[in-house]
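The next block holds one structure in the form of C-alpha cells; read it before the comments.
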Amino acid sequence: MATRTSARARTAARLDKADLLDLYRVMLLSRRIDDKEVQLKRQNKIFFQISGAGHEAVLAAAAKVFRPGYDWSYLYYRDRAYCLGMGMTATEMLLSSVGAADDPNSGGRQMPSHWGHRSLNIVSTSSPTGTQFLQAVGAAEAWLRYSNSTLPDGDRPVHGDEVVLVTTGDGTTSEGEFWESLNTACNLKLPMVYLVEDNEYAISVPVEVNTAGGSVSKLLTGFPGLFIQEVDGCDPLASYDVLQKAVDYARQRKGPALVHAHVIRPYSHSLSDDEVNYKPPGERDEEASRDPIVTFPKYLIVQGIATEAEIERIKQEVEDEVEVATATALASPQPAAETVHRYVYSPDVDPTSEQFDTEDDPKFSGEPTTMVDLLNICMKDEMARDPRILVFGEDVADVSRDQYLGQVKGKGGVFKVTHGLQKAFGSNRVYNSPLAEANIIGRAIGLATRGLKPVVEIQFFDYIWPAYMQLRNELATLRWRSNNAWPAPVVVRVTYGGYLKGGGPYHSQTGAAIFTGVPGLRVVCPATALDANGLLRTAIRSEDPVLFLEHKHLYRQTYNKAPNPGPNFMIPFGKAKVVREGTDLTVVTYGATVQRSLVAAKALEEEHGRSIEVIDLRTLSPVDWETVYASVRKTGRVVVVYEDSISWGYGAEIAARIADEAFAWLDAPVRRVAATDTFVAYAPEIEDVTIPQTEGIKAAVEALLRF
C-alpha cells in the first residue's frame with residue numbers, strides 16, 4: 001500500500017492542481033450525464049441508454065494523455081468520460097441522446113454513446129463490437145504509408161508522431177478481429193494504444209467464460225513488440241501514469257501498446273439489462289467500494305489538494321451544466337424526415353454523372369487485349385495519376401520479400417491482375433496482407449478515413465464472408481451514420497462466378513443480391529475488357545465504396561477483348577449498354593451470361609427470324625432503369641438472365657421492378673433464367689446443368705415469344 005500511495009503522490013505531483021480537479025470534474029460530469037439519460041429514458045424522452053459508469057477514471061486519464069484533433073480515436077460505447085475530456089460537451093452528448101439534428105456524433109442517426117466527432121478525430125463508432133480494431137490499424141497504418149509516399153509534405157495529413165487509440169471492453173477481446181488487428185499492428189510496429197476496459201462482464205457473461213484464464217493481457221505476452229501494462233482503472237493517477245508510458249512507447253514508434261485496465265460496472269449493461277439477475281449483493285458492494293466518483297474526491301481532500309468547498313463547487317457546476325445541456329437538447333429540433341436520404345452516397349462526387357462519361361471518346365492504342373490486361377492497365381494509369389492509391393490483399397504483390405524483386409517473375413495476384421504493380425510503384429503502395437479478409441477491408445476503411453485511396457482485392461467471392469461485417473455494417477454505413485463526417489471511398493475488387501469447369505461449390509459462387517441490397521455500396525459487374533477498364537477507373541475516382549465484381553471466366557476470353565482506351569476512359573455507373581438491338585423481346589443480363597444471351601439471340605434470329613434485344617446492365621447498383629423500361633416499352637416481353645440461384649436472386653428484383661413500373665407495356669409475364677437452387681458441383685456435367693447455358697436461355701425466349 002505504501003508503494004501505491006507513493007506512486008500516486010509522484011503522479012499527482014506531476015499534474016497541476018487544475019489538472020487534478022479537472023480529472024474529477026470530467027469523471028463526475030460523465031456520471032451525471034449517465035444519470036440524466038437514465039432519468040430521461042424513464043420519462044420516455046429518449047429511447048436508449050448505455051452508461052460509462054465505473055470506467056470514468058481511466059478514461060479521464062486517457063484524455064489527459066492523448067491530443068484532441070491530433071491523435072486518432074476508435075472508441076466503444078462506454079467512453080463518455082474520454083470524449084468529454086477531449087472536448088466534446090455535455091450539450092453535444094445530450095443532443096445525441098434525444099436524436100437531434102445538431103447531434104455532432106451522427107445527426108440523430110445512431111443510438112446515444114456511439115461517439116464520433118470530426119474535429120476531435122473521433123471516428124464514428126458503430127454498434128457491432130470489435131469492428132473498430134482493424135479500422136484503427138488502418139488509421140495507424142496511414143502514418144506508415146504517408147511517411148514513405150512520394151506525396152509532397154504539404155499533402156501528407158500526418159504529424160509523424162500521432163497515435164491511434166482503440167478501446168474495448170474485455171468481452172469484445174473474444175472477437176477474432178481483435179486478434180487479427182494485433183497480428184498486423186505488431187507486424188508493422190504501428191503507433192497504436194489498445195485500452196482494454198475490463199469490468200469483468202460482457203453483459204452477464206463473466207470474464208473467465210469469455211477469456212481463457214480470465215486475463216486477456218496474460219494471453220498476449222507472445223506478441224512481439226507489444227508493450228503491455230496492467231492497471232487499476234478506477235485509479236485515475238495510476239491510469240494516467242501507465243497510459244503515459246504506453247503513449248510514449250507508441251509515439252516513439254517502438255510499436256503498439258496495450259493497457260489492461262481493471263474497472264467496475266456499477267450500473268447494468270444498459271437499461272435493457274438488470275445486473276441484479278446475475279451479480280450477487282456482495283460483488284456489487286465490492287464494486288461500489290472502488291467507485292472512483294466516490295474515492296477520488298476523498299483522496300484529493302485527504303492529500304490537501306482540494307478542499308471540501310472546492311469539491312462541492314465542482315459538483316454544483318456539473319449539475320448546472322447538465323441541466324442547461326438537457327434543456328438545450330430537449331428544445332432542439334429533430335432531423336427533418338427527408339434528410340434520411342442524405343449521405344447514403346457522396347453529395348459532392350456523382351459517379352453516375354456526365355463527368356464520368358467519356359465512353360464515346362476512347363483514345364485507343366495497341367492491339368486488342370484481355371480483361372486481365374485492361375484492368376491492370378487501368379490500375380497502372382490510376383496509380384501514376386494519384387499517389388494516394390494503395391493496392392493490397394492476398395497475393396497481390398509481385399513478392400513480399402523485396403530483395404527478390406528483379407530475381408523472380410512475380411505473382412501479382414492469382415489471376416495476374418495486379419502483376420507488375422509492385423515493381424512499378426514500390427512495396428509501400430502494393431503489398432500483401434495476411435490471409436484474413438476482414439483484415440483487408442477493416443484496414444482499408446481506416447486508411448480511407450485518413451485520405452488514402454485503397455483499391456483492395458478479395459481473392460475469391462467464395463471467401464468474402466469473413467469480411468461481410470466490415471463491408472455491410474462498417475464500410476457501407478460510415479458516411480451515412482456519421483452524417484457525412486467520415487467518408488471511406490474504398491474499392492473492393494473480387495473475382496466471382498462459375499463456368500470454369502471444376503470450380504466446385506467454393507470457386508464458383510455468385511450472390512450479387514447480398515451486396516446490391518446494401519445501401520451505400522456501389523456494385524459493378526463488367527462483361528467485357530473495355531467496360532472493365534472504364535468502370536474500374538470510375539470506381540477509383542468516385543468517393544463511394546465500390547464492390548467491383550470480376551468474373552473469372554471472362555478474364556481471358558477472346559470475344560471480349562479491346563484495345564487500351566487511354567488513361568481518361570470512364571463509364572458512369574448506372575449506364576446500361578444495349579449490346580444487341582431488337583424488337584420482339586428484351587433480355588436483361590450481366591456478367592458471364594451476356595455472351596450466352598447474345599449467342600442465343602443470334603441463333604433465334606437465324607433460325608426463326610426473331611429480333612432479340614440484349615441489355616448488359618454493367619452496374620448492378622445503381623441500375624439504369626430507364627434503358628430497361630425503354631426496351632420493355634418497345635418489345636413487350638422480357639427475360640432476365642443471371643448466374644445466381646433463381647430463388648431470391650438478383651434477377652428477382654429486376655423482374656419485380658419491371659412488373660411494377662412497366663406492367664402496362666408487357667404482353668407476357670416476365671421470365672427468369674438463372675442457376676438452380678443448389679450449389680455448383682465440381683463435375684463439369686453437373687455444373688453445366690446448374691448454371692445458365694445458351695440452350696436454356698434460347699428455350700426460355702422461345703417459350704415467351706409463343707405466349
Is R78 paired with E197 through a side-chain N to carboxylate O contact shorter than 4.0 Å?
no
I would like to know whether R443 and E141 meet salt bridge (charged side-chain N to carboxylate O under 4.0 Å, His left out); could you show each step before the answer?
CA-CA 8 Å; R443 286 165 64 188; E141 186 182 348; 2.9 Å; yes
From OG (S268) to NZ (K279), nearest 0.5 Å
7.5 Å
Where is the tightest heavy-atom contact between A100 and S332, given as atom of each residue plus distance?
CB-CB, 4.0 Å
Steps toward side chain to side chain donor-acceptor pair (under 3.5 Å) verdict (D35, Q39)
CA-CA 6 Å; D35 292 339; Q39 180 189 51; over 6 Å; no
Does the side chain of T173 come under 3.5 Å of the side chain of Y194 through a donor N or O and an acceptor N or O?
no
Worked check of side chain to side chain contact (heavy atoms under 4.5 Å, CB included) between N105 and M88:
CA-CA 10 Å; N105 295 276; M88 197 179 293; 3.5 Å; yes
Would you give the length of the straight line joining atom CD of E200 to atom CG of N210, rounded to the nearest 0.5 angstrom?
11.5 Å
Salt-bridge contact K315-E312 (side-chain N to carboxylate O under 4.0 Å)
yes
N277: partners by side chain to side chain donor-acceptor pair (under 3.5 Å), with sequence neighbours left out
none
Show me, pair by pair, the donor-acceptor contacts under 3.5 angstrom made by side chains of residues 132-139, not counting sequence neighbours?
{"unit_1": "Q132", "atom_1": "OE1", "unit_2": "G130", "atom_2": "N", "d": "3.0"}
{"unit_1": "Q132", "atom_1": "NE2", "unit_2": "T167", "atom_2": "O", "d": "2.9"}
{"unit_1": "Q135", "atom_1": "NE2", "unit_2": "T131", "atom_2": "O", "d": "3.2"}
{"unit_1": "Q135", "atom_1": "NE2", "unit_2": "Q470", "atom_2": "OE1", "d": "3.1"}
{"unit_1": "Q135", "atom_1": "NE2", "unit_2": "E474", "atom_2": "OE1", "d": "3.0"}

Solution key, residues 341-348 side-chain donor-acceptor pairs under 3.5 Å, sequence neighbours excluded:
{"unit_1": "Y345", "atom_1": "OH", "unit_2": "G520", "atom_2": "N", "d": "3.4"}
{"unit_1": "S346", "atom_1": "OG", "unit_2": "D348", "atom_2": "N", "d": "3.1"}
{"unit_1": "S346", "atom_1": "OG", "unit_2": "V349", "atom_2": "N", "d": "3.1"}

Quick one: does R109's side chain get under 4.5 Å of V340's, heavy atoms only?
no
What residues, two or more places apart in sequence or in another chain, satisfy salt bridge (Lys or Arg N to Asp or Glu O under 4.0 Å) together with K45?
none
Does a side-chain heavy-atom distance below 4.5 Å link H117 with P104?
yes
Stepwise, does the side chain to side chain contact (heavy atoms under 4.5 Å, CB included) test hold for I514 with W465?
CA-CA 11 Å; I514 296 171; W465 310 116; 3.7 Å; yes
Apply side chain to side chain contact (heavy atoms under 4.5 Å, CB included) to V491 and K453, showing your working.
CA-CA 8 Å; V491 178; K453 183 73 180 190; 4.3 Å; yes
Is the side chain of S30 donor-acceptor paired with the backbone N or O of V26 at a distance under 3.5 Å, no angle test?
no
Could you report the tightest heavy-atom contact between P191 and A250, atom names first, then the distance?
CB-O, 3.6 Å
Closest contact, heavy atoms only, P128 versus M469
CB-SD, 3.8 Å
Evaluate the ring planes of Y201 and Y278, with Trp represented by its six-membered ring, and classify them as parallel (under 30°), tilted (30 to 60°) or perpendicular (over 60°).
tilted
Minimum heavy-atom distance between A140 and L190, given as atom pair plus value
CB-CB, 4.0 Å
Can you list the residues that meet the side chain to side chain donor-acceptor pair (under 3.5 Å) rule with D386, with sequence neighbours excluded?
R388
Check: R479 side chain, E543 main-chain N or O, donor-acceptor pair, under 3.5 Å:
yes
A side-chain contact here means heavy atoms from C-beta on lying under 4.5 Å apart; do V196 and T172 qualify?
no
Are C234 and T295 side-chain neighbours, meaning at least one heavy-atom pair lies under 4.5 Å?
no
Is it true that atom NZ of K189 has more than 12 heavy atoms of other residues, nucleotides or ligands lying nearer than 6.0 Å?
no
Salt-bridge criterion met for K36 and E323 (N-O under 4.0 Å)
yes
Taking atom types as modelled, find out whether D79 and Y74 have a side-chain donor-acceptor pair closer than 3.5 angstrom.
no
With distance as the sole test, does D170 use its side chain to make a donor-acceptor pair with the main-chain N or O of N199 at under 3.5 Å?
yes
Would E37 and R31 pass as an ion pair if we require N to O under 4.0 Å?
no
Should the ring pair Y76 and H55 be called parallel, tilted or perpendicular, given that the plane angle runs from 0 to 90° and is split at 30 and 60?
tilted
Salt bridge R265-E287, side-chain N to carboxylate O under 4.0 Å
no
Counting only N and O atoms by type, is there a donor-acceptor contact under 3.5 Å from the side chain of S149 to the main-chain atoms of Y146?
yes
Test side chain to side chain contact (heavy atoms under 4.5 Å, CB included) on L478 and S124; report intermediate values, then the result.
CA-CA 7 Å; L478 183 54; S124 177; 3.9 Å; yes
Quick one: does R253's side chain have a donor or acceptor within less than 3.5 Å of a partner on G160's backbone?
yes
Inter-residue atom distance R145.CZ - L452.CG, 0.5 Å rounding:
9.5 Å
Find out whether Y70 and D161 are in side-chain contact, i.e. whether some heavy atom of one side chain is under 4.5 Å from a heavy atom of the other.
yes
Check whether any side-chain heavy atom of L471 lies under 4.5 Å from a side-chain heavy atom of V518, and answer yes or no.
no
With F392, which residues qualify under ring-ring contact (aromatic ring centres under 6.0 Å, His included), at least two apart?
Y431
Between the main-chain N or O of I122 and the side-chain N or O of S73, is there a donor-acceptor pair closer than 3.5 Å?
no
Thinking salt bridges, do R251 and D248 make one under a 4.0 Å N-O criterion?
no
Do the rings of W179 and F223 sit parallel, tilted or perpendicular, given the 30° and 60° boundaries?
tilted
Determine whether a donor-acceptor pair (N or O, by modelled atom type, separation under 3.5 Å) exists between the side chain of R481 and the backbone of Q110.
no
Where the side chain of D16 meets the backbone of D19, is there a donor-acceptor pair that is under 3.5 Å apart?
no
Flag side-chain contact, heavy atom, 4.5 Å: V65 against L165
no
Rounded to the nearest 0.5 Å, how far apart are CZ of F227 and CD of Q252?
10.0 Å
Does a side-chain heavy-atom distance below 4.5 Å link T328 with L94?
no
Nearest-0.5 Å distance that lies between atom CZ in R290 and atom CG in D232:
5.0 Å
Return the minimal non-hydrogen interatomic distance between G233 and S239, and the atom names on each side.
CA-OG, 3.6 Å
Should the pair Y24 and F296 be assigned to parallel (<30°), tilted (30 to 60°) or perpendicular (>60°) ring geometry?
tilted
CG/L547 to CG/L475 distance, rounded to the nearest 0.5 angstrom?
9.5 Å
Does R118 qualify as a cation-pi partner of W486, given the criterion of NZ or CZ under 6.0 Å from the six-membered ring centre and within 45 degrees of its axis?
yes
Side-chain donor or acceptor of S270 paired with backbone N/O of S272 under 3.5 Å
yes
